[in-house]
Amino acid sequence: MTDESKERGGLMKVFKDVVYGMASHEMTRHAVRTRASMEHLFILITMGDLLGVPILPPYYSLRLLPYVTPQIAGWKRRMLRERDLTDVLG
Amino acid sequence: MTTDVRIDTSMAKYLAEHPGAHYLFFGGKGGVGKTAMAGATALWLAKQGKRTLLASTNPVHSLSGLLGQDVSGGHTGVAGVANLWAYEIDTRETIERSKNEIREKIQWFLKFADISTKADDFVESATMNPAFEESAMFENMVEMMLKKEYDVYVFDTAPTANARRLLGMSKVYSLWVDKMLRSREEARTLREMLSFTKKKEADPLLEYLLGFRERMGQARRLLTDAEKTAFFFVTLPEALPIAVITRFIGWFHEFGIPIGGVIVNMVLDRAALGADVPEFVLNRMQMQDDHMKTIREKFDGRVRAIVPLFDEEVRGTAMLGRAAAALFA
Amino acid sequence: MSLREVFESEPDRRYVMFGGKGGLGKTTLSATSAFWLASHGKRVLLFSVDPQASLSDIFQRDIFGKGPVSIMENLWAQEVDADRRIREYQEEIRKKILDMYGFDKVPEEIDNYIAAASAEPAMEESAIFDAVVDIIVQGDYDYYIYDLVPLGHALYYLSMAKVYDEWINKITKLREDMREYDKLAATLRREEKVQEDQILGELTYIKDRINASSRILTDRKRTAFFFVVVPEEMIILDTQKAAALFAKFDVPISGYIVNRVLPPDLGQGKIPPYLRNRIAMQQKYMEQIRVTFGDEIRSYVPEMERDITGLPMIERLAQRLFVDGGGAR
Ligand SMILES: Nc1ncnc2c1ncn2[C@@H]1O[C@H](COP(=O)(O)OP(=O)(O)OP(=O)(O)O)[C@@H](O)[C@H]1O
Ligand SMILES: Nc1ncnc2c1ncn2[C@@H]1O[C@H](COP(=O)(O)OP(=O)(O)OP(=O)(O)O)[C@@H](O)[C@H]1O
Ligand SMILES: [Mg+2]
Ligand SMILES: [Mg+2]
């Protein structure tokens with residue numbers, strides 16, 4: 001448990017190092033993006049079989065489905081969209 | 001011995017009539033003698049000159065105990081018996097392998113979908129599923145069956161619930177993989193729609209799923225092939241074991257797994273008992289007679305053998321020889 | 001201490017289990033103990049997750065998937081139907097989605113996903129695991145008697161809690177990391193507070209459920225776990241191995257019941273050689289059982305002259321298990 005919270009502290013520290021010097025709105029944008037990327041990861045590891053990623057989601061992951069229901073369609077598109085130039089420059 | 005149960009087709013006759021029966025399974029309620037009967041059958045087949053593997057899919061293995069030698073490490077020749085090998089399936093390696101496979105696939109997908117978050121730690125969670133153990137057992141079993149290194153494979157299975165799930169696995173997995181393939185197809189269509197370059201891409205997930213479906217299909221074909229596979233149900237002349245195999249036979253019918261027949265074990269041998277039988281034994285004999293009646297009604301024509309209750313445990317090749325003689329009488 | 005004394009002196013041990021290898025009498029002794037406690041005025045729920053439905057067979061009525069069914073005054077028996085449980089679970093999820101978003105129909109792709117979940121390989125076992133949580137956390141009976149499946153399978157359920165616990169910890173950690181970023185974004189935007197993460201709430205709920213069953217099953221004060229053994233060499237060895245495994249999962253082992261002991265007075269009269277050998281074999285292993293399990297033995301139960309089905313027979317066995325055999329020291 002303490003290990004995990006330390007790790008989390010570590011993660012935040014790395015993040016803060018990265019954004020150190022950025023303008024505040026840039027930092028906000030970065031935080032929001034990282035958050036979004038983690039959301040994608042979250043859906044992937046709990047419900048990846050939605051896209052035919054061969055994970056066996058445990059019984060209990062179905063309980064999480066109601067909370068991400070509105071995001072599913074967007075998530076699918078995001079997962080499958082090709083990266084284009086605007087993404088790279090983004 | 002109680003003789004009012006007809007045996008039209010004995011074990012020996014059944015096997016003679018099914019020369020292509022390469023995969024023999026023994027199942028039934030706990031403690032009815034599945035291991036003993038599987039062992040006796042394997043021994044008998046080996047003595048007929050067939051290269052035979054006796055394998056246990058019971059997570060609580062007992063072949064080493066049965067044979068008095070360690071057969072957990074791999075296919076092990078049974079001491080003093082030509083043509084006979086035994087093996088207690090070990091799932092650890094297979095579990096690691098399938099976990100790695102899943103990790104790889106997810107890593108690929110992360111790159112593909114351009115998820116940049118450091119994910120290693122979380123990818124691990126996708127490999128945490130209690131089903132792995134069982135599916136690894138199944139995959140190992142199927143792998144062995146497909147290799148065809150032996151003339152006959154004799155499988156000692158776990159008590160019913162487990163064995164039902166194990167053999168039902170090919171069906172469940174087929175459903176699962178079909179569902180995954182559908183999702184994958186959908187994903188591809190969507191991907192193509194969203195693509196601006198319209199370039200064709202290789203899809204390792206699809207390949208993996210197709211390979212998996214192929215394996216499951218093969219397994220299912222083998223397991224439901226009445227020429228190659230037979231499942232024998234072991235019971236005692238008692239109410240609970242009979243009720244259990246009655247349900248079991250129903251399920252297997254649904255799965256399409258061919259039923260080889262019923263073996264009634266631990267039957268009191270009237271002849272061997274002699275004249276002065278104490279009341280206790282008379283009563284037990286009466287009980288067995290009652291249940292033999294049920295067996296005759298329920299499994300008429302499908303009883304392959306009636307094996308007496310021996311005066312000692314069935315352990316070691318000498319005792320297995322005695323059991324085999326009774327089973328193939 | 002005898003079995004009866006264990007129950008009388010430790011009334012807080014309300015969760016009772018009989019474990020052991022297949023077919024030694026777990027279901028029989030569970031039903032017998034339930035009967036005994038119920039006839040002493042305790043409200044008892046006897047339940048099983050075994051799809052082979054032995055409780056239906058022992059009470060000679062179909063109780064499978066019907067919820068707690070009254071068997072006699074103070075005694076209820078329940079057999080969990082996993083398929084039905086899965087259907088209810090799917091319905092629960094659908095309903096939750098409708099309620100949360102005020103939809104009158106679950107979006108098609110989501111609905112398909114829920115429907116396909118029943119094809120998941122671990123679904124049945126997990127549903128069973130979850131059903132047991134429901135049964136034992138309700139707490140309104142005086143006693144819960146859990147008729148266990150054979151050893152290997154029982155260990156599988158116990159390890160399931162561990163796998164799920166690891167899984168939930170990983171997922172929760174990801175969610176918590178996400179919340180950190182939420183907080184950060186909010187601080188940067190000088191917002192008052194972050195929206196509460198409902199998923200974290202749900203994860204906590206799941207974690208609680210997962211741990212509820214192992215918490216109770218490993219609670220020394222509230223749980224009694226008895227091993228059933230019979231006087232046979234392999235079974236004694238396997239039971240010792242199993243006891244070590246269960247101890248690893250912190251299951252509090254409360255003693256051993258020796259079942260199917262041939263009545264000793266049988267040996268007095270003139271008996272057939274077959275029986276003489278069996279009695280001699282048992283005597284040898286009875287001695288070994290005494291040496292191995294010593295004062296952990298809670299009762300000696302004789303082999304009855306017939307199998308145990310129906311209340312009158314169970315009542316007779318209860319007398320043997322709690323009164324006659326209870327003099328065990
Ligand atoms: N015909 C028989 N006569 C005497 N003893 C027997 C006979 N058949 C089996 N046994 C003994 O009964 C016990 C249970 O048999 P076995 O281990 O083969 O059952 P099982 O169905 O494989 O049990 P499990 O469900 O635990 O795997 C063993 O001690 C075995 O030696
Ligand atoms: N003391 C006894 N005397 C006579 N028969 C008995 C005795 N104990 C159990 N039996 C019989 O032995 C058989 C197996 O018992 P039971 O079904 O209770 O075992 P189990 O451990 O629950 O089996 P499983 O592992 O399959 O769940 C049944 O036919 C039962 O009636
Ligand atoms: Mg066995
Ligand atoms: Mg039972």
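In what follows, chains carry the letters A, B, and so on, assigned in the order in which the sequence lines appear, proteins first and then strands, with residues in each chain numbered from 1. Worth saying up front: this structure is predicted, and the values here are computed from it rather than measured.
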Quick check on [X] against chain C: is it the side chain, the backbone, both or neither that has a heavy atom closer than 4.5 Å?
X: B:Leu309; answer: both
X: B:Phe280; answer: both
X: B:Arg315; answer: side chain
X: B:Asp178; answer: neither

Please rank [options] by heavy-atom pairs under 4.5 Å with chain B and give me the top one.
options: C:Lys241, C:Met304, C:Lys162; value: C:Met304
options: C:Lys21, C:Lys26, C:Arg260; value: C:Arg260
options: C:Glu303, C:Glu109, C:Arg276, C:Met160; value: C:Glu303

Please classify the contact of [X] with chain B as side chain, backbone, both or neither, using a heavy-atom distance under 4.5 Å.
X: C:Met281; result: side chain
X: C:Tyr285; result: side chain
X: C:Gln60; result: neither
X: C:Ile279; result: neither
X: C:Met123; result: neither
X: C:Tyr164; result: side chain
X: C:Ala53; result: both
X: C:Leu174; result: both
X: C:Leu262; result: side chain

Can you tell me how far the CG atom of C:Leu317 sits from the OG1 atom of C:Thr32, to the nearest 0.5 Å?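 Spacing of CG (C:Leu317) from OG1 (C:Thr32) equals 4.0 Å.
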Contact between B:Phe138 and B:Met216 at the side-chain level, heavy atoms closer than 4.5 Å - yes or no?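 Yes - at least one pair of side-chain heavy atoms lies under 4.5 Å apart.
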Within the distance-only criterion (no hydrogens, no angle test), does the side chain of [X] pair as donor or acceptor with the backbone N or O of [Y] below 3.5 angstrom?
X: C:Asp307; Y: B:Ala239; answer: yes
X: C:Gln90; Y: C:Ala117; answer: no
X: C:Asn259; Y: C:Leu24; answer: yes
X: C:Asp62; Y: C:Phe64; answer: yes

Could you label the plane-to-plane angle of the B:Trp251 and B:Phe248 rings as parallel, tilted or perpendicular, counting under 30° as parallel and over 60° as perpendicular?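 Rings of B:Trp251 and B:Phe248: perpendicular, over 60°.
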Mutual orientation of the aromatic rings belonging to C:Phe47 and C:Tyr146 [parallel < 30°, tilted 30-60°, perpendicular > 60°]: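 The arrangement is parallel - the two ring planes meet at less than 30°.
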With salt bridge (charged side-chain N to carboxylate O under 4.0 Å, His left out) as the test, would you mind laying out the steps for C:Glu305 and B:Arg284 before giving the verdict? CA-CA 5 Å; C:Glu305 74 282 359; B:Arg284 280 200 72 85; over 6 Å; no
I'd like to know whether the aromatic ring centres of B:Phe26 and B:Phe155 sit less than 6.0 Å apart in this structure.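 For B:Phe26 and B:Phe155, the ring centres are not under 6.0 Å apart.
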May I ask you to say whether B:Asp289 pairs ionically with B:Arg270, meaning some side-chain N is under 4.0 Å from a carboxylate O?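 Yes, B:Asp289 and B:Arg270 are salt-bridged.
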Pairs of heavy atoms under 4.5 Å with chain C: top-ranked of B:Lys179, B:Arg247, B:Glu238, B:Glu124: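 Option with the greatest count: B:Arg247.
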